[in-house]
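What you see below is based on every heavy atom in this structure, not just the backbone, and it leaves out hydrogens, waters and symmetry mates.
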Amino acid sequence: MASVGPSAASTQPALPSGPAVFKTIPYAFILPEIVCGTWVWILVAATSVSLPLLQGWVMYVSLTSCLISLLLLLSYLLGFHRNSENWKVLDSLYHGATAILYMSAAVLQANATINSEFSINGPLNYQLNSAASFFAFLTTFLYILHAFSIYYQ
């Protein structure tokens, strides 16, 4: 008969704290998510926004998710989780929901890129929008990868 005492609970992997966050999958994806999301925000801000409703959503999603991911990273670095299993659920739900929001933002940014191809503002806006679309899809992939890799620990 198997015991369900403290020895069974110790087989669960501990949540990382401090610098170990950068060495542990999926938590090591948080910093690239922040960096790529920041690039989306910077590149969209550098364009002359021709479709404010579309690119406004892209800016909102990228900026909000960067800030929340930064807070999540700081909470892991400072050890606020205290090795609670609820943090895994929170982390998975946050990254899953953000992946869906980022997918919608990436598609809207791709649409803005297509619309800016023949605009009067020239090829610079098209190139900036193309780069923003690339980073938006890359960030979406990172969030999806993070959300699903929690289950395979």
Side-chain angles (χ1 to χ4, degrees), residues 12-81 84-153:
Q12 293 289 333
L15 293 173
S17 323
V21 171
F22 300 114
K23 300 175 187 172
T24 309
I25 300 293
Y27 309 102
F29 294 132
I30 296 176
L31 191 59
E33 291 163 2
I34 293 169
V35 170
C36 291
T38 303
W39 273 111
V40 172
W41 181 62
I42 290 170
L43 290 166
V44 172
T47 65
S48 64
V49 177
S50 58
L51 302 164
L53 188 61
L54 299 182
Q55 291 182 303
W57 176 250
V58 175
M59 293 285 284
Y60 172 75
V61 169
S62 63
L63 184 58
T64 305
S65 61
C66 279
L67 292 176
I68 294 173
S69 292
L70 184 62
L71 289 174
L72 190 62
L73 177 64
L74 288 174
S75 66
Y76 278 123
L77 287 173
L78 298 175
F80 287 151
H81 55 75
S84 171
E85 285 297 313
N86 294 333
W87 277 82
K88 281 188 174 183
V89 174
L90 172 79
D91 191 85
S92 179
L93 289 175
Y94 165 69
H95 282 87
T98 305
I100 293 169
L101 294 175
Y102 241 110
M103 179 58 79
S104 70
V107 169
L108 292 175
Q109 181 57 39
N111 185 16
T113 302
I114 292 168
N115 290 333
S116 71
E117 184 175 9
F118 299 111
S119 71
I120 57 173
N121 295 332
L124 179 62
N125 275 336
Y126 177 71
Q127 292 168 351
L128 290 171
N129 281 324
S130 296
S133 295
F134 171 77
F135 279 109
F137 281 107
L138 180 63
T139 307
T140 302
F141 176 70
L142 287 170
Y143 276 105
I144 290 170
L145 196 60
H146 186 127
F148 281 116
S149 63
I150 289 176
Y151 293 111
Y152 297 110
Q153 285 185 342

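Put simply, the side chain of Ser62 does not reach to within 4.5 Å of the side chain of Val44, judged on heavy atoms. For the pair Asp91 and Tyr76, the minimum side-chain heavy-atom distance is below 4.5 Å.
Smallest separation of non-hydrogen atoms from Thr47 and Gln55: OG1-NE2, 4.0 Å. Minimum heavy-atom separation, Gly96 to Ala147: N-CB, 3.6 Å. The two atoms that bring Ser65 and Tyr102 nearest to each other are OG-CE1, 3.1 Å, heavy atoms only. Between Phe29 and Ser149, the closest heavy-atom pair is CE1-OG, 4.1 Å. In terms of heavy-atom proximity, Thr140 sits nearest to Ala106 at OG1-CB, 4.0 Å. In this structure, Leu128 and Ala46 approach most closely via the heavy-atom pair CD1-O, 3.7 Å.
How far CG of Asn115 is from CG of Asn129: 9.5 Å, rounded to the nearest 0.5 Å. Atom-to-atom distance recorded for Met103:CE and Leu108:CG is 11.5 Å, nearest 0.5 angstrom. Rounding to the nearest 0.5 Å gives a distance of 14.0 Å between CG of Leu73 and CD1 of Ile68. Here Thr139 contributes atom OG1 and Trp41 contributes atom CH2; the two are 14.0 Å apart, rounded to the nearest 0.5 Å. Separating the CG atom in Leu70 from the CG atom in Leu77 is a distance of 9.5 Å, to the nearest 0.5 Å. The distance from the NZ atom of Lys88 to the CG atom of Leu93 is 14.0 Å, given to the nearest 0.5 Å.
Of the N and O atoms on the side chains of Ser69 and Tyr94, at least one donor lies less than 3.5 Å from an acceptor on the other residue. Counted by atom type alone, Ser116 and Asn125 present zero donor-acceptor pairs between their side chains at under 3.5 Å. Counting only N and O atoms by type, the side chains of Thr113 and Ser133 include a donor and acceptor under 3.5 Å apart.
Of the options Phe148, Phe141, Tyr143, a ring-ring contact (aromatic ring centres under 6.0 Å, His included) to His95 is made by Tyr143 and by none of the others.
Not a single donor-acceptor pair under 3.5 Å links the side chain of Ser92 to the backbone N or O of Val89.
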